[in-house]
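Just so you know, ligand 1 is whichever comes first in the structure, and atom 1 is the first atom listed for that ligand. This structure is a prediction, so every number in the text was calculated from the model and none was measured.
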Amino acid sequence: MINITLPDGAVREYPTGTTAMDVAKSISEGLARKVLAAKVNDTVWDATRPINTDASLQLLTWNDTDGKTTFWHSSAHLLAEALEFYYPGVKFGYGPPGEKGFYYDVDLDGQTIGEEDLIKLEKKMAELAKNNSIFERKEISKADAEKYFTEKGDQYKLEIIERLADGEITFYTQGNFTDLCRGPHIPNTGFIKAIKLTNIAGAYWLNDEKNKMLTRIYGVTFPAQKELEEYIILMEEAKKRDHRKLGKELELFAFSEKVGMGLPLWLPKGAMLRERLQQFLQKAQMDSGYLPVITPHIGHKNLYVTSGHYEKYGKDSFQPIKTPQEGEEFFLKPMNCPHHCEIYKTSPRSYKDLPLRLAEFGTVYRYEQHGELHGLTRVRGFTQDDAHLFCMPNQVKDEFKKVIDLVLYVFHSLSFTDYTAQISLRDKADRAKYIGSDENWELAEQAIIEAAAEKGLNTIVEYGEAAFYGPKLDFMVRDAIGRKWQLGTIQVDYNLPERFDLTYIGEDNAKHRPVMIHRAPFGSMERFIAVLIEHCAGKFPLWLAPVQVKLLPISDKFIPYCQQVQQELKEVEIRAEIDDRNEKIGKKIRDTELNKVPLMLVIGEKEMNEHKVAVRRQGKGDIGVQSVEEFIAMVNEEVKSKRAIE
Ligand SMILES: [Zn+2]
Ligand SMILES: [Zn+2]
């Protein structure tokens, strides 16, 4: 017999060789129908794999990330089986699960596949799923594994096997398909009830441009048809909100191949929006005791040798910028921290100077492969709302609390109301891999946990997720259509103060090492704005909208009065434009609605004669006639209160 410890701490006795599925059945049949896999002593396992020793056991269902991952991974095998049916001789690369679905990279051996073929593959997958084929696990020797794939003629799997050690190789077979796989999988294919193959793309084998281009087939599957329907609605909504599409329509930003891929060009309206956000944060930072600094876009090689970035990113990054002087090399700035460390060192610091909070909207450059670039979310040049707080170890908690306040102020002002905080701490079992004294780590980890608790944050603690140089807190935000984004990060660093030999004179008159905290509420301006666009579907709150008011004259006759009102608005810093096109008023209103301008003023005879404006609100329609003074007061009040997006 073996002892199985369940997540609630209960210990139950089962026969040796029992499976997670047996355990589930012993609890309830209903539960057993939902079990996709299990966590056995912290490793995800097949629910059907025998357990032979005492173990802790967590049953995984669709509601667990690991459950979903196992489900999608297993679906990739099902796709492979369907592919083999229609494309004999197809060879398989990798077929991993992702955040939303799975893909399989395949070499179709000269055969072609188009979007229209996806439907027949989906149908085949559904048919195969109904066979309830189990995923049969088999340990296999390296020689036998090689023999199998040599006979099959799959050079990709052979390449993967080559890198594996004998004794750690397993095959999984479902129906007519056998794959080299470490597992785990769902109990049988019958769990897969709804299937959608979403996309076909090209992908180099092993992500290397020198290798053959394989065909990547993306898909997503669900345990119920209803979930697929919800997913399709969500995808359509996401498409409408895509920041790349809205960025073009609202004239916010553009890309030019001549300037270079992944290097965004901010158009006047986008720049206006971005500047509003910067000013908003700058003001909040000034109020919280930050000091502005400005540093150059490049730095001498020695700076990055000292910081360690040269060693870490050197050859995978942009190449050095050389000067006419022999041996002199500069690099595009990948991070602002090294520059800020040098600012810290410009004068001797005492404990009275700390915390020292240096803030900069610093533009950094990081090399990303072509294929990785995506709108504003993956770029090669971006601006961080960066700041570095240099403090004493016992000040970490207070600084964290202040940064949390700042991040929450940002979120609330932009109506991100659903967020959680992830605290990343050391791996309890392996403390040797972290730099900095045990005592300081203890202090900082405790400080972060307490700061988050005192601020009432909903937190998840992850052990082993800390960087080697310090623990951190990341904010995960859920947007208006339920997608999760990581925004805002606060990170303790013991490494850079060491590398740059930063010191302060303590109360005891001795030299001490300050702690450095990196923090960025937005993260990067580019990525943040991308998320914001998708969150509010381009309908920015009034205080942020690039154009707040559109004046719509009923005919040319009223243009001079519109110009007069525009001038009055301009004097109180309200951003207004006039639609002076020779178009019908109905069309002007429709176009302004589409451009998501928050307020429209329809101007005709009556308005002109009485110094009034007829106000319409985007998405809401007519809200009545007001005097210009009343209108200004309304706008000012709304801008000042940063009222949330409705
Ligand atoms: Zn697998
Ligand atoms: Zn930094």
Between Asp107 and Tyr156: side-chain donor-acceptor atoms closer than 3.5 Å:
yes
Donor-acceptor side-chain pairing of Arg274 and Thr383 below 3.5 angstrom
yes
Neighbour count >12 (heavy atoms, 6.0 Å) for atom CD, Gln279:
yes
Could you tally the protein N/O/S atoms lying less than 2.8 Å away from the Zn ion (ligand 1)?
4
Sidechain N-carboxylate O distance under 4.0 Å for Lys345, Asp501:
no
Partner of Thr295 by side-chain hydrogen bond (donor to acceptor under 3.5 Å, both in side chains), out of His340, Glu360, His339:
Glu360
Mind checking whether Tyr419 and Trp485 have ring centres under 6.0 Å apart?
no
For Asn176 and Glu84, does a side-chain donor sit closer than 3.5 Å to a side-chain acceptor?
no
Would you kindly say whether Tyr365 and His297 are connected by a side-chain donor-acceptor distance under 3.5 Å?
yes
Number of protein N, O or S atoms [distance to the Zn ion (ligand 2) under 2.8 Å]:
3
Taking atom types as modelled and ignoring hydrogens, do the side chains of Asp22 and Thr19 form a donor-acceptor contact shorter than 3.5 angstrom?
yes
